[in-house]
Amino acid sequence: MMKTHDRLKRVGLVGIALCASLGLAAQVSITREGKPVARIVLEERTEVNQQAAQLLQDFVERVSGATLPLVEKADEPRPNDIRIGGTTAEAGEDGFSLDTTEGLLRVQSGGDKGAIYGVVTLLEEYLGITYYAYEAYDLTPDPSIEIPRIRRVETPAFRYRQTQSYSTDDPIYKLWYRLEEPSDEFIDNMWVHTFDRILPASRFGKAHPEYYSFINGERRPGNHSQWCLTNPALFEAVCHQLDSIFQANPGMKRISISQNDGNHTNCSCPECRAVDEYEGSPSGNIIRFLNKLAERYPDKEFSTLAYLYSMQPPKHVKPLPNVNIMLCSIDCKREVPLTDNASGQDFMKALTGWSKISNNIFVWDYGINFDNFVTPFPNFHIIQKNIQLFKENHATMHFSQISNTRGEDFAELRAYLISKLMWNPYADMDSLTNHFMEGYYGKAAPYLRRYMDMMQGALLASHQPLWIYDSPISHKNGMLCPQLLKTYDALFDQAEAAVEDDPTRLDRVRLTRLSLQYSELEIARTETGGDKEAVVRLLELFRERTRQFGVTALNERLNSPEDYYVLYKERFLPQGEPNKAAGAAVRWLLPPAERYQPIADAALTDGLFGGTTYVESWVGWEGKDAAFVLDMGEEKEFTTIETDFLHQLGAWVLLPKGGKYSISSDGQTFQELGSFNFPEDRDPQIKYVKGRVVAPAPVKARYIKVEVQTLGMCPDWHYGVGYPAWFFLDEVTVH
């Protein structure tokens, strides 16, 4: 039997083989010398067929200047007709056939949007149109359009294909890239993290705490708490809610019933824990619950997450056919394919395990840096192999979370390649890359391809993992070392020079360069003794370019480039009075978490401030108080002490309750100088908050004691409900 990937590779050969063997009719004429020859005929008047016809009519006019008449089926076929509609049994959902065997062109659908995608293929591969990004495409004007003999049938590898490209705001782009969105398929846009939408803890938690997770000794209803899935009353309460949802959304069949965001927040009551132990994974409770729903509503399809704590499949229970498994690779490193590092192998264990018990798998993969959108992310060498692995392990739906905003690393190319591979995972990746880059960047393409390949090689040679919560600083001794940064900049200089007379492509090169410039700024703030004026010039240029190109966010928490510009000037550029505690020795009373101790002695007074990613410069405590003494070496006079704290809710990093400072001249007897407190802050944006105390008059001391009181447990509205909250501090400044 022919393997799946062999069939996919040979899809494009069907037309050639049939044409050669059957001696089919001559080509179809569409326009001649700017005048219409063909007409577009709707075989059936449906929304999809109309969209397909209008798309074809629009682009034929853009290419030739001729407007093809669009009519509904009213007579017998004529030569050169383009007849859109009808179904073909040869193609599956979203698939199509293109056939000129009767001297006309038939576009038939395998289901859903097949007719649209057939027209897109016609425009792209037979009229030579390439759509690159938001309202950006290339075509060659031609007043006379003729279509060669075609007998072509295609079915996509995945029945649902999604990215997060910013370009999907362009409706033509979305059709061209054959993408779908949750609102197209999921009832009431319920597609992930829906427990609290279906049964809000704010509404049901007080009266029915037993519906929610038992965590660390008590029931904890909250926005991010999970359900107690063994509770029979919970099941009936959920069904009551679903009855109303289904009634309000007739005609739609797919809905997500899935855990709230957060890890290890599943219920650990005796009944739930017993099921978890029997099934070998918390997913067992989830699948048992989803199977009950699937039996209650056999005409619906229920999607659920296999995510973080529920990633691994159960040992015994199997999902029913109308239960869809949305498996997420969020914890995987990205420098090598999923088969080649420990984190990826853990995911592959889950994928192969689920594939043994389900043919209905939705893979959610990631090609984005959530903490630093605009930074290099050289994973192009692993994309195709990973998508092939998904397909070969029974995945039928795929979401690749990428390219959320302008300015991300090769955002437009990444979206193009992934959309092509979601349609056919065995397409020629190298040819696709070259085709896009040559069209999108023009004469600059060779330099940018060299940059891309060089950085990929440097990443692999460095043995440094690539992570979706990465910092450029993690790579400053590897793929972003000084020698390579100099080489990269030279390549971009050559790329810009190559298209200096082509404003559109010059802007594209400069937009792509932002990720490199951001990395240079981030690395510069961790170095001392550099060229401050050069850093200021780069910062001003970065601000100017992000404004010009409409870059709105630098991270998942939507901190803007303007925020970054202001903070960089105020926080990272040396200025004003020097820190009198610079280089102070640290004596620990209540030390930080073990993983942060290697940097802690120097990080608190080294003059370098931590950034948005807690993996660099910051010193962290998990659910415990902090206390330490700084020795400034001699008695000094000052009025102000302040400590820098990180607020980053998405990483379980919350502000502590507060703290206090005490001073001493002998290091034994301390006098309290003052205290500070932090109010609760639910703002998702990343912030740097100072714990500041100002004395009413100058004081003298050699030693400063810093004491910080932990928040303790994450509150019920947070992802980490029921677990210890982290707090992070960095620079202690005395002036």
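Residue numbers count from 1 along this sequence.
Looking at residues two or more places apart in sequence or on another chain, you find a side chain to side chain contact (heavy atoms under 4.5 Å, CB included) between Ser343 and Cys332, Lys333, Asn341. Shown here are the side-chain hydrogen bond (donor to acceptor under 3.5 Å, both in side chains) partners of His475, two or more places apart in sequence or in another chain: Asp470. Under the side-chain hydrogen bond (donor to acceptor under 3.5 Å, both in side chains) criterion, Thr512 pairs with Tyr441, not counting sequence neighbours. Among residues two or more places apart in sequence or in another chain, the ring-ring contact (aromatic ring centres under 6.0 Å, His included) test is passed with His193 by Tyr307. In this structure Val536 satisfies the side chain to side chain contact (heavy atoms under 4.5 Å, CB included) test together with Lys532, Glu540, Leu573, sequence neighbours excluded. For Glu527, the side-chain hydrogen bond (donor to acceptor under 3.5 Å, both in side chains) criterion is met by Lys476, not counting sequence neighbours. Under the side-chain hydrogen bond (donor to acceptor under 3.5 Å, both in side chains) criterion, Asp196 pairs with no residue, sequence neighbours left out. By the side chain to side chain contact (heavy atoms under 4.5 Å, CB included) test, Glu616 pairs with Ser471, Ile473, Arg525, sequence neighbours left out.
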> Where do Trp227 and Asn260 land on the side-chain hydrogen bond (donor to acceptor under 3.5 Å, both in side chains) test, with the steps shown first?
Replying inline: CA-CA 9 Å; Trp227 290 343; Asn260 295 321; over 6 Å; no

>> For Tyr366 and Gln164: C-alpha separation, side-chain torsions, deciding distance, then whether side-chain hydrogen bond (donor to acceptor under 3.5 Å, both in side chains) applies.
In response: CA-CA 10 Å; Tyr366 305 79; Gln164 207 173 39; over 6 Å; no

> Would Phe377 and Ile368 satisfy side chain to side chain contact (heavy atoms under 4.5 Å, CB included), going step by step from the backbone distance to the final call?
Replying inline: CA-CA 7 Å; Phe377 200 82; Ile368 190 172; over 6 Å; no

> Would Thr265 and Gln226 count as a side chain to side chain contact (heavy atoms under 4.5 Å, CB included) if you check the C-alpha gap in whole Å, the side-chain angles of each, and the deciding distance to 0.1 Å?
Replying inline: CA-CA 6 Å; Thr265 51; Gln226 313 302 343; 2.9 Å; yes

> Could you walk me through whether Tyr518 and Tyr564 pass the ring pair (Phe, Tyr, Trp, His ring centres under 6.0 Å) check?
Replying inline: CA-CA 10 Å; Tyr518 175 78; Tyr564 181 76; 5.2 Å; yes

>> The test is salt bridge (charged side-chain N to carboxylate O under 4.0 Å, His left out); show your working for Arg334 and Asp365 and say whether it passes.
In response: CA-CA 10 Å; Arg334 312 283 157 172; Asp365 195 27; 2.7 Å; yes

>> ring pair (Phe, Tyr, Trp, His ring centres under 6.0 Å), that's the test. Do Tyr309 and His264 meet it? Break it down for me.
In response: CA-CA 6 Å; Tyr309 68 82; His264 305 305; 7.1 Å; no

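Summarising the geometry, atom CG belonging to Leu649 is positioned 6.5 Å from atom CG belonging to Asp681; distances are rounded to the nearest 0.5 Å. Between the CE atom in Met455 and the CZ atom in Phe410 there is a gap of 8.5 Å [rounded to 0.5 Å]. Rounded to the nearest 0.5 angstrom, Leu485 CG and Met479 CE are separated by 10.0 Å. Separation of atoms CZ (Phe670) and OG (Ser662) is listed at 7.5 Å; rounding is to 0.5 Å. Here Leu538 contributes atom CG and Glu520 contributes atom CD; the two are 6.0 Å apart, rounded to the nearest 0.5 Å. The CD atom of Glu707 sits 9.0 Å away from the CG atom of Asp625 when rounded to the nearest 0.5 Å.
For the salt bridge (charged side-chain N to carboxylate O under 4.0 Å, His left out) condition, the pairs that include at least one residue of residues 630-641, sequence neighbours left out, are Asp631-Arg702. Applying the salt bridge (charged side-chain N to carboxylate O under 4.0 Å, His left out) definition to pairs two or more places apart or across chains, none involves residues 454-465. Within the structure, salt bridge (charged side-chain N to carboxylate O under 4.0 Å, His left out) contacts touching residues 544-562 (residues at least two apart or in different chains) are Arg543-Glu562, Arg547-Glu562.
Within the 3.5 Å criterion, the main-chain N or O of Leu590 finds a donor-acceptor partner in the side chain of Trp621. With hydrogens and angles ignored, the 3.5 Å screen pairs a side-chain donor or acceptor of Ser213 with a backbone N or O of Cys267.
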Side-chain donor-acceptor distances from residues 728-735 under 3.5 Å, at least two apart:
| residue | atom | partner | partner atom | Å |
| --- | --- | --- | --- | --- |
| Asp730 | OD2 | Gly610 | N | 2.6 |
| Glu731 | OE2 | Asp606 | N | 3.1 |
| Glu731 | OE2 | Gly607 | N | 2.5 |

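Side-chain contact between Asn404 and Phe373 is present, with at least one heavy-atom pair separated by less than 4.5 Å. In this structure, Tyr469 and Ile330 have side chains that are in contact, with non-hydrogen atoms separated by less than 4.5 Å. Looking only at side-chain heavy atoms (C-beta outward), Phe572 and Leu539 stay at 4.5 Å or farther from each other. Ser400 has its side chain out of reach of Gln162: every pair of non-hydrogen atoms, C-beta onward, lies at least 4.5 Å apart. Residues Tyr661 and Lys705 form no side-chain contact, since every pair of their non-hydrogen atoms from C-beta on lies 4.5 Å or further apart. Contact of the Thr669 side chain with the Asp666 side chain is registered, since non-hydrogen atoms from C-beta on lie closer than 4.5 Å. In this structure, the side chains of Pro472 and Pro376 stay at 4.5 Å or more apart for every pair of heavy atoms. Side-chain atoms of Phe399 and Trp191, non-hydrogen and from C-beta on, do get closer than 4.5 Å to each other.
Contact detail for Asn386 and Leu338: the closest heavy-atom pair is OD1-N, 3.1 Å. Contact record, Gly407 with Leu511: N-CD1, 3.6 Å, taken as the closest heavy-atom pair.
Taking the ring centre of Phe380 as origin, the terminal cationic atom of Arg414 falls inside the region bounded by 6.0 Å and 45° from the ring axis. With a 6.0 Å cutoff to the six-membered ring centre and a 45° limit on the axis angle, Arg692 does not count as a cation-pi contact of Phe676.
Ring planes of Tyr719 and His224: tilted class, angle from 30 to 60°.
The environment of CD in Glu680 is crowded: more than 12 heavy-atom neighbours from other residues, nucleotides or ligands sit within 6.0 Å. Within 6.0 Å of atom NZ in Lys580, more than 12 heavy atoms from other residues, nucleotides or ligands are found, so the atom counts as buried in its surroundings. The number of heavy-atom neighbours closer than 6.0 Å to CD of Glu672, taken from other residues, nucleotides and ligands shown, is above 12.
A side chain to side chain donor-acceptor pair (under 3.5 Å) with Gln648 holds for exactly one of Asn555, Asp371, Thr612, Thr613; it is Asp371.
Classification of Glu408 and Arg406 as a salt-bridged pair fails, no side-chain N sitting under 4.0 Å from a carboxylate O. Between Arg220 and Glu218 there is a salt bridge, since at least one side-chain N of the basic residue sits less than 4.0 Å from a carboxylate O of the acidic one.
You'll find the ring centres of Phe678 and Phe645 inside the 6.0 Å limit.
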